[in-house]
2 protein chains.
Amino acid sequence: MCKQHGAGQAPVPPNRCAECRFAGMCLLRGLEPVEVALFDGIVRRHRIGRDMYLYRIGQPFTSLYAIHFGHFKTAQVDRRGAQQVTGFAMSGELLGLDAIAGGRHACDAVALEDSEVCEIPFARLQELFGKIPHLLQQFHCMMSQEIQREQALMLVLGNMRAEQRFACFLLNLSERYAQRGYSPVSFQLRMSRDDIGGYLGLTIESVSRLVAKFRNNGWIRLDNRKLEIVDRASLEALAGGMRSAPGAGLQPPPPSRTIPLRVAA
Amino acid sequence: MCKQHGAGQAPVPPNRCAECRFAGMCLLRGLEPVEVALFDGIVRRHRIGRDMYLYRIGQPFTSLYAIHFGHFKTAQVDRRGAQQVTGFAMSGELLGLDAIAGGRHACDAVALEDSEVCEIPFARLQELFGKIPHLLQQFHCMMSQEIQREQALMLVLGNMRAEQRFACFLLNLSERYAQRGYSPVSFQLRMSRDDIGGYLGLTIESVSRLVAKFRNNGWIRLDNRKLEIVDRASLEALAGGMRSAPGAGLQPPPPSRTIPLRVAA
DNA sequence: CGGATTCTTGAAGTCGCTCAACGAACGTGG
DNA sequence: CCACGTTCGTTGAGCGACTTCAAGAATCCG
């Protein structure tokens, strides 16, 4: 399963943020070249092998990590050992934001494949905030995005049925790959069924059955984690609340139980 | 249900943050008196009546709001109209952090009782960040806390059974009242069963049955939203993963399905 | 190739949902 | 103050979605 953590790998010189393909999604967004150079000075790049921990729950917090390439999952474990996957992170995304408050990491971060991260020592980042106001803004923006992302997942976990959850999951991945210039209809799933289940609040068996159903209905093709979205419209309808009917068609959802808002005159 | 939004109420002079009972939980934590005075200058206090919106999804973001007293719920609604309550906020807590990224509010915030908030114009807060480094740190801390809080809820929604969710909910409230100097064993539930259900990902009927069960088992007393925690130990055991047995006793949980971590030699 | 891991499929069970009816609390107006 | 309508909460019966348990197939990797 997961190997012992591997933070502190040998750095991988040279790192030139100016040349980074994902700088536009990272903290550097909108920065001047001079400012990028300043930022460059505090960053160190590391390789993290597959199944290695970038950090673990309880470890002291010193740095944030921007993903240069590769994929990570972040997960919490409860007392019983069951894990809740709180997110799948890909290039350009920032890990460790939840640790600022307590001074210790509040979740595990595990590489889903061989990956590279840019370590950003938080103390030095704070120094830069004073010199680069725009960097601070971008930082706040990314923290806020993280909050939004989690709220969206709460909606999935709290209100959706399994099919809907899975459709949302696939569409979310698709969208993020599109943002990064990859194909939105064909990509590799980097995570196991178990991870998907842990993310969506389902068992591994349920995920497997969903895969079978989506495949049989001709909505996706999937073999060996290689995914192809065949019928995006149906997935979107599903994600939006439509229910799938036995004949592979879609039906409108039952009425919501919450009363519509009354609007003052 | 919920009335039309009521932001822009008459301000309630005078607001003296220095005298605020909850300054220690708010952005002011650890600030010097001079700095508090600066902060005071940008804040305006507002009354928000019960069931009024502090802000609504899609409204342009201009200010954060610190709760001076009272209670709010924050909620998202999906396309079907079903609502996911993303949090219950009480005095000293900060609302609106999710809106920084998009420039628009990403959820609704509704007062659960007559309340007062301190409006903090974000642009002016940003100006203060340059002058009061400690304020910036505290701000980051609060954003990070928000992320942690949401991750904890994701664990509840994704991994726990109804009883466990409800126990966690009650204990969480209890803890937060304790932090504020109120009784941790006896307090008023400010939210409806519907809100609790929306928060925990359960139906109103399930919440009602949980209340009955918890009461019958002698774990809580509850009438008319007045709650008393009678058997905290049982609630904690439940929240920790114990299952309640028919005879009102508690039983150890079934083994987790996730394989224990392998530790390198 | 062989063992471990990951994934799939089936059958049975259970938890929480749906539907329905009723009771209690609240507040509004007569 | 009481009658009334409305909202809120409770309770029961039946059902359905997802889980649990179990076994087997496919894949990975040394």
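Side chains are part of it too, since the values below use all heavy atoms of this structure and drop only hydrogens, waters and symmetry mates. Letters A, B, ... mirror the listed sequences (proteins, then strands); counts begin at 1.
Between atom CG of residue L97(A) and atom CG of residue L95(A) there is a gap of 8.0 Å, rounded to the nearest 0.5 Å. With rounding to the nearest 0.5 angstrom, the CG atom of D78(A) is 6.0 Å from the CE atom of M160(B).
In this structure, R165(B) reaches neither bases nor backbone, as no heavy-atom distance under 4.0 Å exists between it and the strands shown. Base engagement by S208(B) is indicated by at least one non-hydrogen atom pair under 4.0 Å involving a base atom. At a threshold of 4.0 angstrom between heavy atoms, the contacts of R161(A) are confined to the sugar-phosphate backbone, with no base atom among them. Contact annotation for G201(B): backbone-only contact, meaning every heavy-atom pair under 4.0 Å involves sugar-phosphate atoms and none involves a base.
Taking atom CZ of F214(A) as the reference point, atom P of dC7(C) lies 17 Å away to the nearest angstrom. I196(A) places its CD1 atom 14 Å from the C1' atom of dT8(C), with the value rounded to the nearest Å. Rounded to whole angstrom, the span from the CG atom of L189(A) across to the C1' atom of dT6(C) amounts to 14 Å. Distance, R243(A) CZ to dC18(D) C1': 13 Å, rounded to whole Å. Atom CG of D223(A) and atom C1' of dT8(C) are 14 Å apart (whole Å). Spacing between atom CG of D194(A) and atom P of dA4(C) amounts to 19 Å, rounded to whole angstrom units. Atom-to-atom, CG of N159(A) to P of dC17(C) comes out at 11 Å; the value is rounded to the nearest Å. The nearest whole Å value for the distance from the CD1 atom in I204(A) to the P atom in dT20(D) is 12 Å.
Closest approach of C168(B) and V156(B) over heavy atoms only: CB-CG2, 4.4 Å.
For S234(A) (side chain) and R232(A) (main-chain N/O), no donor-acceptor pair under 3.5 Å exists by modelled atom type.
For a distance-only test at 3.5 Å, the side chain of R209(B) fails to qualify as a donor-acceptor partner of the base of dG9(D). Looking at E205(B), its side chain comes within 3.5 Å of the base of dC19(C) through a donor and an acceptor atom.
Between F72(A) and F88(A), the distance separating the two ring centers is not shorter than 6.0 angstrom.
Here R180(A) pairs with E93(A) in a salt bridge; the nearest charged N to carboxylate O distance falls below 4.0 Å. Remark: D114(B) does not engage R50(B) in a salt bridge, criterion side-chain N to carboxylate O under 4.0 Å.
At dT8(C), one or more side-chain N or O atoms of R193(A) fall inside 4.0 Å of OP1 or OP2 (strictly under the cut-off).
You'll find that the side chain of A162(A) is closest to dC18(D), out of dA17(D), dA11(C), dC18(D). Nearest to the side chain of R225(A), among dT6(C), dT19(D), dC15(C), sits dT6(C).
Between Y182(A) and F22(A), the ring planes lie tilted relative to each other; the angle falls in the 30° to 60° range.
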Write out a two-atom table: protein N or O, nucleotide N or O from nucleotides 22-24 of chain C, distance below 3.5 Å.
none

Tabulate protein N/O versus nucleotide N/O from nucleotides 25-30 of chain D, keeping only pairs under 3.5 Å, one per line.
{"from": "dT27(D)", "atom 1": "O3'", "to": "N224(A)", "atom 2": "OD1", "distance (Å)": "3.4"}
{"from": "dC28(D)", "atom 1": "OP1", "to": "N224(A)", "atom 2": "ND2", "distance (Å)": "3.4"}

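More than 12 heavy atoms of other residues, nucleotides or ligands shown are found within 6.0 angstrom of CZ on R215(A).
Considering only residues two or more places apart in sequence or on other chains, H71(B) meets the ring-ring contact (aromatic ring centres under 6.0 Å, His included) condition with Y177(B).
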